K.L.:
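One structure is given below, represented as structure tokens, and several questions about it will come after.
Start at 1 with the first residue, then count along the sequence. Keep in mind it's a predicted model, so treat the numbers as computed, not measured.
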Amino acid sequence: MLSSETRAIIDATLPAVKENARAITEVFYPLMFSRYPEVKAYFNQAHQVQGTQRQALANAVVAYASNLDRLELLGDAVSLIVQKHASLNILPEHYPIVGECLLAAIKEVFGDVATDEVLNAWGEAYQQLADILIAAEESVYQENEAKSGGWRGEREFRLMGKERESDVITSFYFVPTDGEPVADFKPGQFTTIILDINGATTRRNYSLSDSPDKPYYRISVKREPEGLVSNYLHDHLNPGDTVKLTPPCGDFVLQDTNRPLVLLSGGIGLTPTISMLRPALDSGREVHFVHGALNSTTHAFKGVVDQLNKEYKNLHASYCYSEPLADDQDVATGFIDRSRLEALLPLEKAPDVYFLGPKAFMQNCYRDLKSLNVPAEHIRFEFFGPLEELDSTAV
């Protein structure tokens with residue numbers, strides 16, 4: 001527990017830190033990468049360039065310091081951080097590095113105003129948060145290790161096959177090189193792939209895109225024009241090559257309820273919903289699968305969903321193409337907007353709605369679902385950025 005003196009200092013300096021939080025993180029990341037270049041591999045450099053990672057950290061620091069006496073209010077946010085850290089194999093020895101550089105950044109931004117007393121108070125508050133995260137992450141590591149086929153940290157896998165799903169999406173099938181089983185996972189979870197690209201270690205999260213209970217893990221990756229990892233996977237990773245994976249993590253998982261289920265996705269956002277689809281259908285739930293794509297050339301897994309639509313009477317599949325080709329038939333055209341959601345979703349039955357896709361798609365879904373009075377507790381999503389961005393109005 002923080003002392004009353006520390007709490008008083010945090011409360012007194014919080015408005016200034018809040019106002020300058022982005023400036024602090026602008027100093028923090030370059031400083032940390034300069035002092036400790038070995039930690040750079042744990043951070044997505046594309047997010048660094050875009051600034052989303054810095055904004056997310058700024059928001060997290062302010063949210064934590066604003067709720068020192070009500071940390072239970074941060075439950076979902078803390079869980080998201082814990083799952084992401086566990087997937088990256090963040091260890092206790094990483095936390096002093098972050099603490100040192102965060103305090104140094106505060107000192108650089110505020111100068112003499114950041115006295116030893118102020119820095120000590122923020123250091124004490126940071127350590128409290130670090131202790132919470134370390135304990136929670138250790139619980140995840142122990143749980144993953146205790147599973148049948150489970151492990152802790154990194155494990156070597158071999159690529160046993162690649163399958164083209166569309167013009168831009170390819171699936172990759174991995175099996176452990178030790179010949180032992182893979183651990184089960186919850187539909188919707190992701191793994192982290194660790195690669196050596198141009199002599200540098202790189203980590204990326206990818207949703208597991210097949211149902212659990214398979215002897216392999218599958219990820220399905222969209223080729224991004226400037227994507228370092230996605231282009232490497234598409235162009236250079238071939239069957240027989242080895243990579244390292246961390247155990248499945250993530251809270252964006254299929255919940256066991258009797259309510260109708262809506263799986264709403266745009267583009268590559270369908271990978272976790274594809275993982276959820278068959279388990280949900282097998283449970284007997286009414287399932288509405290709604291997917292938006294550019295056109296048939298970029299639409300992955302359509303044949304899989306169409307086949308399931310024939311096999312399961314409880315599945316209702318709908319597609320929407322924003323730029324359909326001349327021979328694209330039996331699909332809606334345009335975008336998945338409020339009127340389309342109102343027409344497609346069984347709103348009168350208070351469904352559970354899971355959605356994932358590009359940022360603008362998610363902003364619109366979030367806004368439209370709220371306007372359609374879908375209860376907040378029935379809405380689930382995975383968004384890699386500040387929640388304020390999701391809650392803003394999309395163009």
K.L.:
In terms of ring plane angle, is the pair His299 and Tyr321 parallel, tilted or perpendicular, where the classes change at 30° and 60°?
P.N.:
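Rings of His299 and Tyr321: perpendicular, over 60°.
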K.L.:
Tell me whether Tyr36 at atom OH has more than 12 heavy atoms from other residues, nucleotides or ligands lying less than 6.0 Å away.
P.N.:
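Yes, OH of Tyr36 has more than 12 neighbouring heavy atoms, counting only those of other groups under 6.0 Å.
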K.L.:
I'd like to know if the side chain of Asn20 and the backbone of Ala16 have a donor-acceptor N/O pair within less than 3.5 Å.
P.N.:
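Yes.
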K.L.:
Just how far is it from atom CG of Asn295 to atom CG of Leu325, taken to the nearest 0.5 Å?
P.N.:
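It comes to 4.0 Å.
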K.L.:
For the pair Lys147 and Glu143, find out whether any cationic side-chain nitrogen is under 4.0 Å from an anionic carboxylate oxygen.
P.N.:
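So Lys147 does not pair with Glu143 through a salt bridge.
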K.L.:
Is the Phe172 ring parallel, tilted or perpendicular to the Phe174 ring (thresholds 30°, 60°)?
P.N.:
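Answer is parallel, since the angle falls under 30°.
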K.L.:
Do the non-hydrogen side-chain atoms of Pro260 and Lys349 ever get within less than 4.5 Å of each other?
P.N.:
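They are in contact (side-chain heavy atoms under 4.5 Å apart), so the answer is yes.
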K.L.:
Between Thr177 and Glu156, is there a side-chain donor-acceptor contact under 3.5 Å, judged purely by atom types and distance?
P.N.:
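Yes, Thr177 and Glu156 have a side-chain donor paired with an acceptor closer than 3.5 Å.
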K.L.:
Ignoring hydrogens and angles, state whether a donor on the side chain of Ser220 or Glu165 is under 3.5 Å from an acceptor on the partner side chain.
P.N.:
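Result is no, nothing qualifies.
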K.L.:
Would you check, one step at a time, whether the test side-chain contact (heavy atoms from CB on, under 4.5 Å) holds for Phe190 with Ser87?
P.N.:
CA-CA 8 Å; Phe190 57 86; Ser87 76; 3.3 Å; yes
K.L.:
Assess the side chains of Glu124 and Gln128: does a donor N or O sit below 3.5 Å from an acceptor N or O?
P.N.:
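Looking only at side-chain atoms, Gln128 and Glu124 do not form any donor-acceptor pair under 3.5 Å.
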K.L.:
Give a yes-or-no answer on whether the side chains of Asp131 and Gln127 include a donor-acceptor pair shorter than 3.5 Å.
P.N.:
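There is such a pair (donor and acceptor under 3.5 Å, judged by atom type) between the side chains of Asp131 and Gln127.
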K.L.:
Indicate yes or no: at least one non-hydrogen side-chain atom of Lys84 is less than 4.5 angstrom from one of Cys249.
P.N.:
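They are not in side-chain contact.
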K.L.:
Testing the 3.5 Å rule here: is there a donor-acceptor pair between the side chains of Arg155 and Thr246?
P.N.:
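No, Thr246 and Arg155 have no side-chain donor paired with an acceptor closer than 3.5 Å.
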K.L.:
Can a donor-acceptor pair be found, under 3.5 Å and without considering hydrogens, that links the side chain of Ser275 to the backbone of Asp210?
P.N.:
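Between the backbone of Asp210 and the side chain of Ser275 there is a qualifying donor-acceptor contact (under 3.5 Å).
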K.L.:
Counting distance only, does the side-chain N/O of Ser66 pair as donor-acceptor with the main-chain N or O of Val62 below 3.5 Å?
P.N.:
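It does hold such a pair.
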K.L.:
Using the rule given for side-chain contact (heavy atoms from CB on, under 4.5 Å), can you reason through Val262 versus Leu344, listing the C-alpha separation, both sets of side-chain angles and the distance that settles it, and then say yes or no?
P.N.:
CA-CA 10 Å; Val262 176; Leu344 291 175; over 6 Å; no
K.L.:
Under 4.0 Å between a Lys/Arg side-chain N and an Asp/Glu carboxylate O for Arg223 and Asp235?
P.N.:
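Between Asp235 and Arg223 there is a salt bridge, with a charged N closer than 4.0 Å to a carboxylate O.
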K.L.:
Distance under 6.0 Å and angle within 45° of the ring axis: does Arg203 meet both against Tyr42?
P.N.:
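Yes, Arg203 and Tyr42 form such a contact.
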K.L.:
Can you name the nearest heavy-atom pair linking Ile336 to Gly292, along with the distance?
P.N.:
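What the structure gives for the nearest pair is CD1-N, 3.7 Å.
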K.L.:
May I ask you to decide whether Asp352 forms a salt bridge with Arg285, counting only side-chain N to carboxylate O separations under 4.0 Å?
P.N.:
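Arg285 and Asp352: salt-bridged.
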K.L.:
Is it true that Phe381 and Phe252 have ring centroids separated by less than 6.0 Å?
P.N.:
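That pair fails the under 6.0 Å test.
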K.L.:
I need the Glu180 CD to Ser148 OG distance, nearest 0.5 Å.
P.N.:
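Rounded to the nearest 0.5 Å, the CD-OG separation comes to 9.5 Å.
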K.L.:
Classify the side-chain pair His85/Gln83 by whether it contains a donor and acceptor separated by less than 3.5 Å.
P.N.:
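Note: His85 and Gln83 side chains miss the donor-acceptor criterion.
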K.L.:
Please lay out, stage by stage, how Thr242 and Arg158 fare under the test side chain to side chain donor-acceptor pair (under 3.5 Å).
P.N.:
CA-CA 4 Å; Thr242 60; Arg158 178 177 293 105; over 6 Å; no
K.L.:
With distance as the sole criterion, is a donor-acceptor pair present between the side chains of Tyr319 and Asp306 under 3.5 Å?
P.N.:
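The answer is yes; a qualifying pair exists.
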K.L.:
For Asn205 and Thr192, test the side chains for any donor-to-acceptor distance below 3.5 angstrom and give the result as yes or no.
P.N.:
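Yes, a side-chain donor-acceptor pair sits under 3.5 Å.
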K.L.:
Is there a chain of hydrophobic side chains (I, L, V, M, F, W, Y, each step under 4.5 Å between heavy atoms) that links Leu31 to Leu119?
P.N.:
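No, Leu31 does not connect to Leu119 through the hydrophobic network.
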K.L.:
Are Asp328 and Ser296 close enough that a side-chain donor and a side-chain acceptor fall under 3.5 Å?
P.N.:
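Ser296 and Asp328 do have a side-chain donor-acceptor pair below 3.5 Å.
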K.L.:
Could you verify whether a donor N or O on one side chain and an acceptor N or O on the other, from Arg278 and Ser211, lie under 3.5 Å apart?
P.N.:
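Per modelled atom types, Arg278 and Ser211 side chains form no pair under 3.5 Å.
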K.L.:
Centres of the Tyr173 and Tyr216 rings: under 6.0 Å?
P.N.:
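Close enough - the centres of the two rings lie under 6.0 Å apart.
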K.L.:
Using a strict cut-off of less than 4.0 Å between a Lys/Arg side-chain nitrogen and an Asp/Glu carboxylate oxygen, indicate whether Arg35 and Glu100 qualify as a salt bridge.
P.N.:
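Salt bridge present between Arg35 and Glu100.
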K.L.:
When you compare the side chains of Trp122 and Thr13, does any donor N or O come within less than 3.5 Å of an acceptor on the partner?
P.N.:
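Present: a donor and an acceptor within the cut-off.
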K.L.:
For the pair Ser139 (side chain) and Ala135 (backbone), establish whether a donor and an acceptor sit closer than 3.5 Å, ignoring hydrogens and angles.
P.N.:
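Indeed, once roles are kept as given, a pair shorter than 3.5 Å links the two residues.
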K.L.:
Assess whether atom CG of Asp327 is packed by more than 12 heavy atoms of other residues, nucleotides or ligands within 6.0 Å.
P.N.:
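More than 12 heavy atoms, drawn from other residues, nucleotides or ligands, come within 6.0 Å of this atom.
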K.L.:
Is the shortest side-chain heavy-atom distance between Tyr126 and Val98 below 4.5 Å?
P.N.:
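Side-chain contact under 4.5 Å: yes.
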K.L.:
Check whether any side-chain heavy atom of Leu277 sits under 4.5 Å from a side-chain heavy atom of Phe301, and report yes or no.
P.N.:
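Side chain of Leu277 against side chain of Phe301, heavy atoms only: no contact under 4.5 Å found.
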